[in-house]
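Residue numbering restarts at 1 for every chain, and letters A, B, ... go by the order of the sequence lines.
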Amino acid sequence: MLRTHTCGELSEQQCGQSVTLCGWVDSYRDHGGGLFVDLRDRYGVTQVVFNPPDTPVDAIEASKGLRSEFVIKAVGNVAERPEGMANPKLATGAIEVRVTEFQILNKSLVPPVVPNGQELPGEDLRLKHRYLDLRRPAMQRIMMLRARMIKTMRDHCTQQGFVDIETPVLGRSTPEGARDYLVPSRVNQGTFYALPQSPQLYKQILMVAGFDRYMQVARCFRDEDLRADRQPEFTQLDLEMSFVDSDDVIGVIDGLVARLAKEELGLDVPTPLPRMTYDEAMERFGHDAPDLRFGLEIIECTDLAAKSDFGVFKNVAKSGGRVRAINVKNGLSQYSRRGIDALTEFVKEFGAKGLAWFRAEEDGKLGGSIAKFFSEELLAEFGGRMAAEPGDLILFSADQFAATCRVLHALRTKIAREMKLTKPGEMHFSWVEEFPMFDFDEDEQRWQAMHHPFTAPLERDLAHLEDDPGKCRAQAYDLVINGSEAGGGTIRIHDAEIQQKVFSLLGIDEATAKERFGFLLDALQYGAPPHGGIALGIDRWVMLFGELENIRDCIAFPKTQKATDLMTEAPGTVDAKQLKELGVKIDA
RNA sequence: GGCGCCGUAGCUCAAUUGGUUAGAGUACUGGACUGUCGAUCCAGUGGUUGCGGGUUCGAGUCCCGUCGGCGUCGCCA
């Protein structure tokens with residue numbers, strides 16, 4: 001090693017010792033007679049001093065050439081700082097290293113991204129010079145958090161008997177679901193591998209193979225448009241277990257949640273984690289991944305709305321729609337008339353035609369522009385139903401059920417953010433289970449699997465496969481952290497007859513099924529044990545544990561919204577020779 | 001694919017209603033300084049206002065197109 005210590009570990013204990021530190025020049029202060037350098041590595045910052053009499057004159061002269069981000073090796077004596085010169089802002093601030101000799105290991109250009117900078121440069125610059133951005137203590141903290149979290153996940157699973165098995169990255173395209181990233185085959189021209197959207201089929205086959213408990217930290221790929229919490233390439237903790245039901249899989253993850261929350265955040269999370277059904281989540285929160293850190297629960301008002309003279313409410317109630325509302329406690333302090341107008345514009349983005357609202361007046365009565373369509377008694381009933389108190393703002397959505405969910409969920413989330421209803425560092429973990437097996441695709445006029453076509457229905461809903469697929473619920477469960485879907489899994493079908501029914505409902509005929517995943521169906525016929533599993537989005541977990549606003553900040557080398565890498569400039573063009581070998585022609 | 005925000009010095013930002021030679025902080029360069037820690041003081045360098053076109057006596061500012069970054073809807077079984 002070129003160094004004897006890191007820049008984070010020296011204290012009064014080493015006073016008098018000669019040490020050697022290596023690191024980057026975080027900052028320097030030139031005083032003419034001497035020079036101070038804050039030397040940085042990933043462990044911390046230590047002040048190294050180039051001053052007489054410890055430092056020879058020629059070394060002091062040479063030190064004047066030091067600049068930001070130069071890499072140096074400094075040999076010197078650890079000394080307590082002079083009286084009153086300790087720096088409490090620095091972990092090593094009680095001491096300094098008085099340099100006796102030093103060496104510039106490497107110079108640096110003027111860095112466009114300054115690791116200790118007060119102002120964060122634009123994200124495009126940070127991504128282009130990611131090696132500089134990753135030197136920032138905030139990024140180093142997150143990368144180390146990520147590494148610890150993944151290690152804990154592996155440890156937790158290993159301790160419970162899971163076997164870590166790698167599955168192929170070069171696989172076969174299965175056209176349902178997200179778009180695949182494709183890799184042309186050179187040896188078999190005209191054919192393509194697909195990068196996995198998840199190791200789903202392989203892990204089920206590993207259950208058939210008898211591995212009983214499988215785990216993998218798996219890289220997954222989806223060629224879809226990006227979001228703040230979505231990357232085209234992401235990492236999952238992928239699990240599969242044999243001879244289990246939903247509770248067993250959930251139990252493994254409950255333990256992991258409690259352990260990670262304790263170790264990384266110091267939080268005591270009681271287990272089992274709370275659970276609610278999908279139907280309850282949609283009724284109470286309008287979303288299948290509700291943020292339970294705050295209230296703003298949805299309240300059913302269709303019966304009251306039907307009694308009013310307000311055309312919108314009456315018509316919706318008559319036509320089988322729903323009138324639902326949220327009570328924004330003390331909302332009038334946040335939303336003036338203009339604020340409510342802004343909310344109205346906002347809900348239009350989600351397909352609402354308008355936003356009906358009441359305000360709770362000083363005397364507790366409900367008022368507002370639509371109040372005239374309601375009798376005194378009816379207003380009082382609304383007030384009672386909503387538990388309205390002076391200052392409250394009541395917002396309605398009147399539409400078909402799904403539309404009210406969309407609008408009220410959007411409002412809930414936006415208002416919680418604007419009214420700061422969540423506390424920093426607050427974490428809420430819960431499960432949503434019993435998802436519908438299918439949803440109906442209006443465009444294509446057919447049923448689609450809500451999860452994937454191997455998801456097992458609830459025992460008690462088996463009959464619905466025949467009479468009413470829309471009512472059939474799945475043995476599916478999603479882990480929700482602070483309103484984010486942090487993982488999801490299902491118990492799989494291991495019965496050929498049920499599998500056949502599901503396929504035919506989805507309009508997948510025998511030939512298609514055989515072509516797309518015949519290998520899995522084959523395997524399932526050779527003694528497949530009952531099995532199920534789950535996949536957790538590791539990037540999202542790190543993002544939530546690290547309180548980050550976007551997923552890129554917890555990935556060392558992320559892609560931009562257009563799925564490019566600004567540092568390597570991937571994707572890039574390739575030689576005509578390479579294309580020829582692959583038998584690929586560019587049609588553009 | 002739709003909608004929205006943004007792009008000015010190495011970096012972070014400013015520039016009144018379209019009006020003089022596009023400014024500030026920081027960084028950088030040179031100088032001063034024996035204890036600083038966002039060092040301080042003095043001086044200086046640094047600009048095709050993303051790119052292309054248009055309107056105008058005059059464009060960083062307005063219009064059209066385009067490129068790039070971000071957010072969001074669609075999409076993500």
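- Going from the C1' atom of A14(B) to that of A22(B) covers 10 Å, rounded to whole Å.
- Comparing the C1' positions of G53(B) and C41(B) gives a spacing of 49 Å, expressed to the nearest Å.
- Among the protein residues, T564(A) comes within range of the sugar-phosphate backbone only, with heavy atoms under 4.0 Å from sugar or phosphate atoms but none that close to a base.
- Partner assigned to A15(B) is none, using Watson-Crick or G-U wobble distances below 3.5 angstrom.
- G69(B) atom C1' lies 15 Å from atom CD of E569(A), rounded to whole Å.
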Interface polar pairs with nucleotides 8-12 of chain B, N/O, under 3.5 angstrom:
residue	atom	partner	partner atom	Å
U12(B)	OP1	G122(A)	N	2.6
U12(B)	O2'	E119(A)	OE2	3.4

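- Computed from coordinates, the D225(A) CG to G71(B) P distance equals 12 Å when rounded to whole Å.
- Rounded to whole Å, the C1' atom of U12(B) lies 28 Å from the corresponding atom of G52(B).
- Note on D399(A) versus R406(A): no salt bridge recorded, every NZ/NE/NH1/NH2 to OD/OE distance being 4.0 Å or above.
- The separation between L226(A) atom CG and G1(B) atom P is 14 Å, rounded to whole Å.
- For E80(A), the side-chain hydrogen bond (donor to acceptor under 3.5 Å, both in side chains) test picks out no residue, with sequence neighbours left out.
- Note on ring orientation: taking the six-membered ring where Trp is involved, the planes of F454(A) and H452(A) are tilted (angle from 30° to 60°).
- U72(B) atom P lies 12 Å from atom NE2 of H409(A), rounded to whole Å.
- For residues 488-513 of chain A, every residue pair satisfying the ring-ring contact (aromatic ring centres under 6.0 Å, His included) rule, not counting sequence neighbours, is listed here: F503(A)-F517(A).
- Comparing U16(B) with A32(B), their P atoms are spaced 41 Å from each other, to the whole Å.
- Side-chain rings of F285(A) and H287(A) stay apart, their centers remaining 6.0 Å or farther from each other.
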Give every donor-acceptor pair under 3.5 Å between a side-chain atom in residues 232-239 of chain A and any protein atom, sequence neighbours left out.
residue	atom	partner	partner atom	Å
E233(A)	OE1	K559(A)	NZ	3.3
E233(A)	OE2	R219(A)	NH1	2.8
T235(A)	OG1	R146(A)	NH2	3.4
T235(A)	OG1	R219(A)	NE	3.3
D238(A)	OD1	K203(A)	NZ	2.8
D238(A)	OD2	Y214(A)	OH	2.9

What one-letter contact string describes nucleotides 30-38 of chain B from 5' to 3', where B marks a base within less than 4.0 Å of any protein heavy atom, S marks contact via sugar-phosphate atoms alone, and - marks no contact?
-> S--BSBBBS
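- With C1' as the reference atom, G10(B) and U49(B) are 16 Å apart, rounded to whole Å.
- For the C1' atoms, the distance linking A15(B) with G71(B) amounts to 27 Å, nearest Å.
- Base pairing of G58(B): no nucleotide in any strand meets the Watson-Crick or G-U wobble criterion (both distances under 3.5 Å).
- Among residue pairs with one or both ends in residues 43-89 of chain A, those qualifying as ring-ring contact (aromatic ring centres under 6.0 Å, His included) are F50(A)-F102(A); sequence neighbours excluded.
- Nucleic acid contact for L506(A): none, since no nucleic acid atom lies under 4.0 Å from a heavy atom of the residue.
- Pair assignment for G71(B) gives C3(B), based on Watson-Crick or G-U wobble hydrogen-bonding distances that are each under 3.5 Å.
- Interface remark: the R406(A) side chain does not form any donor-acceptor pair with the C73(B) base, using a distance-only criterion of under 3.5 Å.
- No engagement by R126(A) is indicated, since no non-hydrogen atom pair under 4.0 Å with the nucleic acid exists.
- Set against C28(B), C70(B), C76(B), the side chain of Q561(A) has C70(B) as its closest nucleotide.
- The neighbour count for E549(A) CD, taken as heavy atoms of other residues, nucleotides or ligands under 6.0 Å away, does not exceed 12.
- When the side-chain nitrogen and oxygen atoms of Y181(A) are compared with OP1 and OP2 of C76(B), none of them lie within a distance under 4.0 Å.
- In this structure, L127(A) and P558(A) approach most closely via the heavy-atom pair CD2-CG, 3.6 Å.
- Nucleotide C75(B) holds its C1' atom 14 Å from the CG atom of D439(A), rounded to whole Å.
- Rounded to the nearest Å, the gap between the C1' atom of U72(B) and that of C63(B) is 26 Å.
- If you find the closest nucleotide of RNA chain B to L566(A) and to Q448(A), the one lying nearer the 5' end belongs to L566(A).
- As the counterpart of C51(B), G65(B) is assigned, both hydrogen-bonding distances of the Watson-Crick or G-U wobble pattern falling under 3.5 Å.
- Between the side chains of T174(A) and R172(A), no donor N or O sits under 3.5 Å from an acceptor N or O.
- For the pair G93(A) and R81(A), the tightest heavy-atom approach, listed with the atom from each and the gap, is O-NE, 3.3 Å.
- Pairing for G44(B) goes to C28(B), judged as Watson-Crick or G-U wobble with the two contacts each under 3.5 Å.
- A straight line from NZ of K414(A) to C1' of G71(B) spans 12 Å, rounded to a whole angstrom.
- Considering only the side chain of R227(A), U72(B) comes nearest among G1(B), C76(B), U72(B).
- Nucleic acid contact class of F50(A) (heavy atoms, under 4.0 Å, all strands): none.
- Checked by distance alone, R222(A) brings no side-chain donor or acceptor within 3.5 Å of a matching partner on the base of C76(B).
- No more than 12 heavy atoms of other residues, nucleotides or ligands lie within 6.0 Å of CD in E510(A), so this atom counts as exposed by the packing criterion.
- Rounded to a whole Å, the NZ atom of K562(A) is 15 Å from the P atom of G71(B).
- Nucleotides G1(B) and G65(B) place their P atoms 15 Å apart, quoted to the nearest Å.
- Atom CG in D229(A) sits about 13 Å away from atom C1' in C75(B), given to the nearest Å.
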